[in-house]
Structures are given as C-alpha cells and as structure tokens.
Amino acid sequence: MQGTELVVKALQDKGVRTIFGYTGGAIMPFLDEVGRQDSIRFIMSRHEQGAAFMAQGLSRGSASSTQPQLGICVATSGPGAMNLVTGVADAGMDSVPLLAITGQVASGVIATDAFQESDVVGVMMPLAKQVYMPLKVEALEETLHEAWYLASTGRGGPVVVDIPKDIQFASAASDYAFDPATYEPDLPGFLYSPHPSPEAIGDAVELLNEARAPVILCGHGVIGSRQGANLQKLAEAADIPIAFTFHGLSAIPVDHPLSLGMVGMHGTVEANRALEHADLLIALGMRFDDRVTGKVAAFCPDAKVIHVDIDPSEIDKIIPASVAVNADLAQALPALIRHPKFLEQKRTDWLQRIDGWRQEMTATLKAEIEKGTGKGGQLLMKTIVSQLSETTQGKDLIVADVGQHQMICARFYNYQTVNSWFSSGGAGTMGCSLPMAIGVKLARPGERVWSVSGDGGFQMNIQELGTVMEYKIDIKILLLNNRFLGMVRQWQTLFFDGHYAGTPMKSPDYGPVAQGYGIPYRKVETVQEIAPALQWAADHDGPCMVEFLCDPSEIVLPMVPAGGSISDMITEVEEGGAS
C-alpha cells in the first residue's frame with residue numbers, strides 16, 4: 001500500500017468521520033487519497049488557523065459524549081503548517097485533544113531551505129504534547145495510532161505528525177503488516193495515573209469532614225472526564241458550594257443552589273469572596289491559572305488544599321497541595337463519595353454567609369440589565385446575553401470569542417446543558433469563535449449553536465463565513481459591535497487614564513458582507529429589538545447573523561486587577577477611575 005493509503009487506513013480504523021484543513025503541494029497526496037473514499041468528509045476552511053479551531057470545536061463539543069471524537073486538522077508545508085501554530089498552541093493551553101497532520105517537503109531536501117519548507121518539528125515541539133516526523137512508510141500507521149493515543153489519553157492536548165511528501169508517495173514492503181486491534185503503544189516516559197492512591201483519598205476525606213468553610217473549584221477536567229453528575233453528588237452530600245474556572249462552567253447547571261458561578265479576574269463576588277474566606281479548597285481538574293489565583297501569595301490564605309488532577313506536573317506547581325491526588329477524576333470522585341468515612345453534613349452557617357456576598361452587586365447588575373443601555377442609549381452586552389439566556393432557556397451551546405463579551409457570556413448565560421460553553425481560555429485567541437462554532441455544530445448537529453463575537457475578533461477569522469456558506473453550517477452568529485477592542489479599552493479606562501491607544505476600530509458594513517455569503521442578517525440598535533431578533537435567529541432554519549450596536553464604555557465587573565489579590569477586587573467604577 002502507498003503511504004497515503006496507510007494514513008487514511010489508520011484514520012478509518014479510529015473511526016474518523018471528518019477532517020478540516022487546506023490543501024497545498026506537500027499535503028496534496030494525502031488529500032487526494034481522502035477524496036477517493038467516502039468514509040471521511042473533508043471540510044475546507046478558508047485559513048489553516050480556522051481549520052485548527054474547527055478541529056478543537058469537534059473535540060470539545062463531543063467531549064461529554066460516550067464516544068468523543070478527536071478533531072483533526074491538516075495543512076501543507078511552510079506557510080500552511082505555520083498557520084496552524086496558533087490553533088495548536090491554543091489547544092495545548094486549554095488541554096484540548098487535537099491531531100494536526102502536516103505535509104512536509106521531501107526528506108531528501110529537508111534542511112536545505114526548499115520551497116515552502118519550515119521546521120515544523122522545531123516550531124511545534126514547545127507547543128504540542130508530541131511531534132512526529134515518520135521517515136519510513138512502514139512507520140506511518142503506528143505513528144498515527146500512537147499520536148491518537150497521546151492526544152486523547154490522560155490530560156488532552158495537541159499532537160502533530162509532519163509527513164514528508166516522498167513518504168506519502170512511497171509503497172510499503174510486500175511483507176508489511178500492522179494490526180490496529182492488537183497494537184499497544186510503548187511509551188515509557190508517558191505518565192498516566194488513572195487510579196487514585198487509597199491513602200490520598202483517605203486523607204482527602206478527613207480534610208473534607210473537618211472543614212467548616214469548604215469550596216469546590218471545578219475545572220475543565222470535570223467536563224473532560226464526564227464527572228458533572230458525581231461533582232453534584234459530592235457537593236450536595238457534603239453541602240459544599242462550587243466555584244467554576246472559566247472552562248469548568250457548564251459541568252453542572254449554573255443556577256444550582258450550590259453554584260457560585262465563575263471565579264477569578266472577572267468572577268462573581270460570591271465565588272471570589274468564598275475563596276478568600278475558605279478553610280478548605282477542593283480543586284478538581286484545574287491548574288491554578290493566574291486569572292484564577294491573582295496574586296499567588298494571597299490566594300486562599302487560610303485554606304488547606306486538596307488538588308485532584310490527572311497531570312502530575314500541575315500538582316504543587318503553583319499552589320502547594322495539602323493532599324495531592326494524581327488520578328483521573330472518573331476514578332477519584334467516586335472514590336471520595338464512596339469512602340466509608342465520608343460524612344454527609346449540612347453547612348448552613350457557611351452557606352448563609354455566602355448568600356450575603358451574593359447580594360453585593362445583585363441590585364446594580366439587575367438595574368443595568370433591565371435598563372439595557374449605557375451612554376448615548378447604546379446597548380449593553382450584558383442585557384443582550386441575559387436575553388439570549390432567556391430566549392434559549394440556557395439550553396443552547398455558546399461559543400464565545402475573546403474579550404468583554406466573552407466574560408459577559410461566562411457570567412450572564414444560564415448554562416443548563418452539560419458541556420455547552422466553549423471559548424479560548426489560556427491563550428485568549430481572538431478569532432476563535434466562528435471556526436470553533438463550526439466544529440461544535442458538527443459534533444452536536446442536533447443542538448443549536450451560537451457564535452458570539454466582538455467586532456475585533458470577528459474580523460480576524462471573518463473569512464470562515466465562506467465555510468459556513470459552502471457547507472451550510474447552521475450556526476447563529478451574534479456580533480456585539482462596540483467599535484473598539486473592548487477589553488483593552490476597559491483596561492485603558494481603569495489603568496491608563498482613558499488613553500485609548502490602538503483600540504478604536506472601524507468595521508465594514510456587515511449587512512452586505514453577510515449578504516455576499518448568502519447569510520440572512522439583522523441589525524439591532526434598541527432594547528425593544530433585542531428579544532425579537534434573537535427569537536428570529538433561534539427559529540431560522542440555517543445560519544444567520546445579528547449585529548448589535550453596543551456601548552463602548554461598558555465595563556465588566558467585578559474585576560481583580562492584574563497582579564492583585566481577590567481582596568483588591570473592583571466592584572464599582574467612578575467617573576475616571578475604579579473603586
């Protein structure tokens with residue numbers, strides 16, 4: 001068999017149904033082979049970065065299913081492979097399983113600055129979980145199966161396979177054989193600990209039973225390990241409130257009585273105050289990102305820490321653990337709940353104290369949302385997102401870009417569906433929403449998907465409207481246009497004396513842009529138009545776009561200043577500054 005046939009066979013053996021990418025000279029042989037069979041569908045993005053985010057969307061959207069899919073993106077050598085870099089780095093930061101297959105110049109001219117050559121291995125190695133360059137055709141199937149295993153086992157992440165063009169064309173020896181059913185990867189340096197230590201579980205239960213003011217911090221790992229139900233069971237049995245990292249949102253319904261909402265830089269008052277005063281923190285599947293901790297030395301000053309994570313390198317890296325449980329949450333959470341010494345109890349005083357913090361900004365935010373407009377009568381993003389939540393009853397899938405609207409989606413959408421919140425977290429990549437929403441929709445075709453973008457991020461991958469058009473991807477595009485890079489503008493308002501350098505931006509007339517791609521479009525300028533426009537989009541059969549003209553002076557609060565601690569949280573802004 002030819003090399004390209006072996007690559008396609010490996011993907012077929014893993015049940016691949018969809019790949020995303022863009023063609024070119026060095027990847028053309030592989031895509032030619034894909035086009036000769038009908039089991040794998042090729043979705044052509046309009047830019048390689050878009051393909052990487054589409055693959056992310058497929059991986060993330062299917063992560064909560066019993067048969068998760070691995071997102072696959074492909075690109076040619078040189079500029080094609082380099083255009084995947086941001087998407088690969090983003091997947092690495094957010095622990096998203098991803099397989100990137102790139103074509104490379106022929107092995108005989110590698111390192112000669114050949115046409116469209118780039119050092120894919122050297123560039124990708126610091127960003128990916130692993131990078132391969134198979135130099136024998138007989139190595140292709142095993143390499144693909146090993147890459148798949150690495151990407152999807154343990155803590156998820158991106159793996160890159162860079163295949164020279166001559167290896168794609170080469171034919172395997174007549175005695176070549178590979179049996180995927182019996183293949184087992186030999187990876188002595190790969191650490192994967194699914195089962196928790198009984199001693200660690202016992203120590204964790206002891207701390208749980210003793211705590212008077214515990215808080216659970218739910219991370220992305222809870223969703224990846226499909227443990228939302230067990231998280232809720234643990235919290236309800238021991239009466240422990242739950243705060244969520246950015247990526248932990250939607251592990252359980254966000255309006256659960258024990259939910260505190262998102263924690264961190266733009267987290268809720270109650271979530272941040274609870275961490276500040278907790279005596280025990282149970283951190284589940286999260287890595288203590290700086291947007292969560294703020295000033296590390298002041299984070300959870302009086303709390304002992306139980307840290308459960310599948311990746312041993314994250315334990316004790318930033319916040320020292322009183323009890324470390326290096327294990328898959330699918331094993332660890334049931335072990336905690338079923339431990340014979342685990343006590344069910346009520347923590348009425350602690351929850352009443354938290355209820356007081358819940359009221360700190362409630363009236364102010366409610367008044368803003370009900371008014372719906374800011375300066376000059378322009379729309380508030382928090383009103384739009386709150387109305388979207390009402391229109392969908394919190395059941396739809398939300399894919400946000402990066403910026404103020406992203407934080408507002410995290411705060412003001414009432415997530416009721418497990419694994420219904422998607423965005424770029426660790427890397428904060430503007431332009432992620434539109435292509436990621438395409439992947440999410442293909443992973444969950446029976447559910448409604450909303451792509452929510454600001455005018456800055458939307459223009460970064462606006463070309464993927466072509467992919468939406470060509471493949472008739474039924475996503476609802478909400479464009480919150482405030483004519484600024486809103487989050488940077490907010491920082492300039494609070495910390496740079498209102499000097500708006502590099503943040504004002506002009507946009508095209510989006511109506512003709514949408515029309516050019518055959519996508520129905522509406523523009524909304526008044527509060528009265530918000531609900532009907534959202535209902536129109538929800539009811540429309542096929543992709544559509546709604547543009548909202550928003551107030552550029554809107555501020556997302558609370559906010560913990562960069563380098564500050566939770567105690568420095570800003571809850572109101574006076575004219576010309578913060579307080």
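For the single chain, residues carry numbers from 1 onward in sequence order. Below, all heavy atoms of this structure are taken into account, side chains as well, without hydrogens, waters or symmetry copies.
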- Task: Could you check V105 against F115 for side chain to side chain contact (heavy atoms under 4.5 Å, CB included), going step by step and ending with a plain yes or no?
- Result: CA-CA 8 Å; V105 299; F115 176 68; over 6 Å; no
Within a strict 4.5 Å, meaning less than it, do heavy atoms of the [X] and [Y] side chains meet?
X	Y	value
F484	D455	no
P68	R226	yes
V546	I477	no
F42	L31	yes
I19	V16	yes
M93	T429	no
V137	L6	yes
M469	L465	no

- Out of L397, I223, I398, which residue meets the side chain to side chain contact (heavy atoms under 4.5 Å, CB included) rule with S250? I223
- Query: So among Q406, M430, M460, M436, which one has a side chain to side chain contact (heavy atoms under 4.5 Å, CB included) with D401?
  - Reply: M430
- Task: Step by step, work out the ring-ring contact (aromatic ring centres under 6.0 Å, His included) result for H307 and F288.
- Result: CA-CA 10 Å; H307 192 179; F288 291 109; 5.0 Å; yes
- Does atom NZ of K295 have more than 12 heavy-atom neighbours, drawn from other residues, nucleotides or ligands, at distances under 6.0 Å? no
- Query: For atom NZ of K317, is the number of surrounding heavy atoms from other residues, nucleotides or ligands below 6.0 Å larger than 12?
  - Reply: yes
With a 4.0 Å cut-off, would you call [X] and [Y] a salt bridge?
X	Y	value
R46	E470	yes
K441	E447	no
D474	K476	yes
R291	D289	no

Checking [Y] against [X]: is there a side-chain donor and acceptor pair closer than 3.5 Å?
X	Y	answer
Y132	E146	yes
S45	E464	no
T4	Q168	no
Y521	Q515	no

- Query: Taking all non-hydrogen atoms of both residues, which atom of P79 and which atom of Q116 are closest, and how far apart?
  - Reply: CG-NE2, 3.9 Å
Quick one: pull up [atom1] in [X] and [atom2] in [Y] and give me the separation to the nearest 0.5 Å.
X	Y	atom1	atom2	result
T76	M82	OG1	CE	11.0 Å
T503	H499	OG1	NE2	9.0 Å
M381	I408	CE	CD1	4.0 Å
S95	H220	OG	NE2	7.5 Å
K165	M28	NZ	CE	6.0 Å
T467	I438	OG1	CD1	5.0 Å

- Set of residues satisfying side chain to side chain donor-acceptor pair (under 3.5 Å) with respect to R41, sequence neighbours excluded: none
- Task: Mind running side chain to side chain contact (heavy atoms under 4.5 Å, CB included) on S507 and R483 for me, showing each step along the way?
- Result: CA-CA 7 Å; S507 289; R483 288 85 62 205; 5.8 Å; no
- Item | Aromatic centroids of W421 and Y413 separated by under 6.0 Å | no
- Query: Are the ring centres of F422 and H247 closer than 6.0 Å?
  - Reply: no
- Query: Which of parallel (below 30°), tilted (30 to 60°) and perpendicular (above 60°) describes Y192 and F190?
  - Reply: parallel
- Can you label the angle between the H145 ring and the F178 ring as parallel, tilted or perpendicular, going by 30° and 60°? tilted
Side chain [X], main chain [Y], donor-acceptor under 3.5 Å:
X	Y	value
E5	Q2	yes
D309	I315	no
E117	A111	yes

- Let me see the working for Y176 and E141 under side chain to side chain donor-acceptor pair (under 3.5 Å), right down to the final yes or no. CA-CA 11 Å; Y176 168 77; E141 278 193 278; 2.7 Å; yes
- Task: Any chance you could lay out the side chain to side chain contact (heavy atoms under 4.5 Å, CB included) test for S433 and F53, step after step, and finish with the verdict?
- Result: CA-CA 8 Å; S433 174; F53 281 113; over 6 Å; no
- Task: Apply side chain to side chain donor-acceptor pair (under 3.5 Å) to the pair Q49 and N83, showing each step before the final yes or no.
- Result: CA-CA 5 Å; Q49 186 188 114; N83 283 340; over 6 Å; no
- Pair S39-Q37, side chain to side chain donor-acceptor pair (under 3.5 Å): steps then yes or no: CA-CA 6 Å; S39 65; Q37 49 78 57; 2.6 Å; yes
- Item | Step-by-step side chain to side chain contact (heavy atoms under 4.5 Å, CB included) determination, N482 to Q404 | CA-CA 10 Å; N482 63 5; Q404 284 182 310; 3.7 Å; yes
- Query: Listed by chain and number, what are the ring-ring contact (aromatic ring centres under 6.0 Å, His included) partners of F458, not counting sequence neighbours?
  - Reply: Y510
- Message: Evaluate T182 against D179 for side chain to side chain donor-acceptor pair (under 3.5 Å), listing each step before the verdict.
- Response: CA-CA 6 Å; T182 59; D179 183 3; 3.3 Å; yes
